[in-house]
2 protein chains.
Amino acid sequence: MNVTSVDIARVAKVSQATVSRVLNGNPNVSEEKRAAVLAAMEATGYRPNALAQGLRMRKTSTIGVVVAGITNPFYPEALEAVGKQLERVDQRMVLWDSDRGGEDAALDAVRQGLVDGVIFTSVSEGSGTLDEALRLGAPVVLLNRGSADASCDQVTSNNFEGAAEAARYLYQIGHRRMGLLGGPLVARTARDRMDGFLHGLRELGQAVPDELVRDALFTHEGGRMCIRELLDLPDPPTAVFCVNDFSAFGAIDGAREVGLDVPSQLSVVGYDNVAMAAWRSYQLTTVSQQLDAMAGRAVELLLRRMGRQEAPIRHDRFAGALVIRNTTAAPARQI
Amino acid sequence: MNVTSVDIARVAKVSQATVSRVLNGNPNVSEEKRAAVLAAMEATGYRPNALAQGLRMRKTSTIGVVVAGITNPFYPEALEAVGKQLERVDQRMVLWDSDRGGEDAALDAVRQGLVDGVIFTSVSEGSGTLDEALRLGAPVVLLNRGSADASCDQVTSNNFEGAAEAARYLYQIGHRRMGLLGGPLVARTARDRMDGFLHGLRELGQAVPDELVRDALFTHEGGRMCIRELLDLPDPPTAVFCVNDFSAFGAIDGAREVGLDVPSQLSVVGYDNVAMAAWRSYQLTTVSQQLDAMAGRAVELLLRRMGRQEAPIRHDRFAGALVIRNTTAAPARQI
DNA sequence: CTGAAAGCGCTTACAG
DNA sequence: CTGAAAGCGCTTACAG
């Protein structure tokens, strides 16, 4: 039903091999035949079957990307960054959400020859399937969220240091009672940012009491619920550090719900610097990630890995930068 | 290098055809052979090559989805809704962004046999390539954004009526000078919502002066810039209707930037009812779309279309509902 | 129940 | 420069 290279060969009165040659820009084709083939293709609207090409060439020109909860505004931005890079190198993107089993599905897809490699923007540490896929030689790179035990290329922010900087800043502007809205412990980003924040404070002789640390699940709703719990405490914090912007927005909204002003009554710091962070209604102080550069590096590493499996494993870390906006201020005087 | 059905056949001491049979659950296989094959698959970690299967079966179990600007918060929600439905019917999703040429790329992919069909969440009307793809029998359904001239299945909201309801509501609470932040005219959603709003007003004997209608490009930045222009006018509007939530957030932020209070000094209505609309810092009055139901219908129609090309074309419209929150109020008394 | 064989639509040595 | 042929890894009549 669909037109194939055999059809083209017939109308152009050449062999099917010749059709394939002009398709691939092989110079060993006479001008006449090339013209005839091109004309036939044009006339019939021929498009080569990508499955057949892929089967023959052992590559699909498509790579898998897995995100964790696409409604977290960080991921659309990550997808845009990755998508731009992928387009540059002429690769398609198939998308999975690990909230719906995408992690295993993506790995399975490599083994089925459906994608040439996969970029995880959010692995869970301790994923057995990832280890197995890696052992089988699947080209994988971790972007954004790393993993201590996975032996594959990784490109992440220096989350520890970024969070430590946030800690120093809050201390410096006068906060002494700070809360920490963390994320799931299977997420390396969450752990590193929590550890970094705690470490930064510790170096200043400060600590975060257990009652002031919560798991805000990386979500708006999580941030909102957690901040309300903290604010209900007899001695609430004057500032909170959230391990991502999404939960920071939730924290701000939760504080506003109970009538608190941010930043005069509560300072909030996020992490990621998504576009929304700059919006007037939030103007969130946060730590930026170099997403475009990181995405570029990730596809670069993936392509390299797809080329030769035995390349040495790399883990590139990009510096973050504290972006001070209007959700942070000196704490109110004790009344 | 990778293990194939031939390898399995060799170790299980059966023919390759038998391997294929157990793979496909064909009952005509003796229990002994089936067990031997299964054991061999298990031992080697065999996964059938999806490209070969696809080539042979003429289907890929993956469908293309194209969005327009994934950082517009509507699209992650749409993707999530579509993704959920696709997962139910065991289809993968490959993603394109029409901001980066995804529209043509997706259509090309159908013709190349890479995807079995495509869902457009955002066609531009008058796309020649879509017409051509349709003529060639590509299974396509339009979700969210329809097209007058495309002869394919469509599932949209009743945007005209939803916007008219917004108009009636604003009128009813007292507004008489209203602005309209529209979107690109190639977007059917933008046109229908603009037309519906204008129509609703007209029925009440009201009109929107030309100087109060702008194209906010569906973006936060667009909404922000446009509202500031409107507010700079000698006689600014007391309310604006925005054709999507993303630009409505921009309008709110733009108003706040110049020190205006929403809603007491400016009412804002959006369209889509994305999750953010309910967040404390916006609490946007908006028109909801039945995204899950619409996504469900869209994949249902696409599957049907993939089954039989000649099915009658359908256009299903889902009702929207005005969700009144806190960005709308009676206009301030004239001073 | 089972295997040999054709065929899906390509690419690429191989021989001329 | 060009064509016949093998082969990528499957599925499925076909014959037994």
Side-chain angles (χ1 to χ4, degrees), chain A residues 1-38 40-41 44-62 108-116 136 306, chain B residues 1-38 40-41 44-62 108-116 136 306:
Chain A
M1 53 167 294
N2 230 322
V3 26
T4 71
S5 59
V6 172
D7 299 323
I8 300 299
R10 185 164 354 92
V11 342
K13 302 195 186 313
V14 299
S15 73
Q16 185 269 331
T18 295
V19 174
S20 190
R21 286 196 187 94
V22 346
L23 207 52
N24 292 284
N26 185 318
N28 289 336
V29 179
S30 69
E31 267 322 308
E32 300 156 49
K33 301 225 173 195
R34 181 184 307 280
V37 168
L38 257 16
M41 287 177 171
T44 55
Y46 169 72
R47 304 264 50 206
N49 182 297
L51 259 33
Q53 289 181 314
L55 180 58
R56 188 54 234 253
M57 308 282 281
R58 310 182 150 292
K59 73 174 182 57
T60 60
S61 297
T62 113
D108 217 43
V110 204
R111 298 180 52 197
Q112 293 180 104
L114 268 169
V115 297
D116 297 334
L136 292 165
M306 281 158 34
Chain B
M1 52 169 293
N2 230 324
V3 25
T4 71
S5 60
V6 172
D7 299 324
I8 301 300
R10 185 164 355 95
V11 340
K13 300 195 188 313
V14 299
S15 73
Q16 185 270 331
T18 296
V19 174
S20 190
R21 286 195 187 95
V22 346
L23 206 52
N24 292 284
N26 184 318
N28 291 335
V29 179
S30 70
E31 266 324 307
E32 300 156 49
K33 301 226 172 195
R34 181 184 307 280
V37 168
L38 257 15
M41 287 178 171
T44 56
Y46 169 73
R47 304 263 51 205
N49 181 295
L51 259 32
Q53 290 181 312
L55 180 60
R56 187 55 232 253
M57 307 282 281
R58 309 181 152 293
K59 74 174 182 55
T60 61
S61 297
T62 114
D108 217 43
V110 204
R111 298 180 51 197
Q112 293 180 105
L114 268 169
V115 298
D116 297 335
L136 293 165
M306 282 160 31

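We name chains A, B, ... by the order of the sequence lines, and we start the count at 1 in each one. These numbers come from the heavy atoms of this one structure, side chains and all, not from hydrogens, waters or symmetry mates.
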Phosphate OP1/OP2 of D:dG9: any B:Ser5 side-chain N/O under 4.0 Å: no
Using Watson-Crick and G-U wobble pairs whose two distances are both under 3.5 Å, how do you write the pairing of DNA chain C as dot-bracket, with | for links to another strand? |||.||||||||.|||
B:Arg111 CZ - C:dC10 C1' separation (whole Å): 17 Å
Which residues pass the side chain to side chain contact (heavy atoms under 4.5 Å, CB included) test with A:Arg111, not counting sequence neighbours? A:Glu132, A:Leu136, B:Arg47
Both B:Lys13 and A:Asn49 contact DNA chain C. Which one's nearest nucleotide lies toward the 5' end? B:Lys13
Polar atom pairs between nucleotides 12-16 of chain C and protein, under 3.5 Å, N or O only, would you list them?
residue : atom : partner : partner atom : Å
C:dA13  : N6   : A:Arg21 : NH2          : 3.2

Hey, are the side chains of B:Asp7 and B:Arg10 touching, using non-hydrogen atoms and a 4.5 Å cut-off? yes
If we only count heavy atoms from C-beta on, is the A:Met41 to A:Val22 side-chain gap below 4.5 Å? yes
For B:Lys33 and C:dC1, what is the distance between atoms NZ and P respectively, to the nearest whole Å? 12 Å
With a non-hydrogen cut-off below 4.0 angstrom, is A:Asn28 in contact with a base, only sugar-phosphate, or nothing? base
With sequence neighbours left out, what residues match A:Val11 under side chain to side chain contact (heavy atoms under 4.5 Å, CB included)? A:Ala40
Hey, does the side chain of B:Thr4 come within less than 4.0 Å of D:dC8's phosphate (OP1/OP2), counting only N and O? no
Please determine whether a side-chain nitrogen or oxygen atom of A:Lys59 lies at a distance below 4.0 Å from atom OP1 or OP2 of D:dC8. no
Strictly below 4.0 Å: does B:Tyr46 bring a side-chain N or O up to OP1 or OP2 of D:dC10? yes
Tell me every residue that passes side chain to side chain contact (heavy atoms under 4.5 Å, CB included) with B:Thr62, counting only those two or more places apart in sequence or in another chain. B:Thr60, B:Arg92, B:Val94, B:Val115
So, using side chain to side chain contact (heavy atoms under 4.5 Å, CB included) as the criterion, who are the partners of A:Lys13 when residues are at least two apart? none
Run the numbers on B:Val37 and B:Arg21 for side chain to side chain contact (heavy atoms under 4.5 Å, CB included), then give the verdict. CA-CA 10 Å; B:Val37 168; B:Arg21 286 195 187 95; over 6 Å; no
Can you check the B:Gln112 CD to C:dC8 C1' distance for me, whole Å? 17 Å
Select one nucleotide: of C:dC10, D:dC10, D:dG9, the one nearest the side-chain heavy atoms of A:Arg58. D:dG9
Checking B:Asn26 side chain against B:Asn28 main chain: does a donor-acceptor pair fall under 3.5 Å? yes
If you check the B:Ser30 side chain, which of C:dC1, C:dC10, D:dG3 turns out closest? C:dC1
Starting at atom CZ of A:Arg47, determine the distance to atom C1' of C:dC10, rounded to an integer number of angstrom. 14 Å
Does any part of the side chain of A:Asn49, heavy atoms only, come nearer than 4.5 Å to the side chain of A:Thr4, both counted from C-beta? no
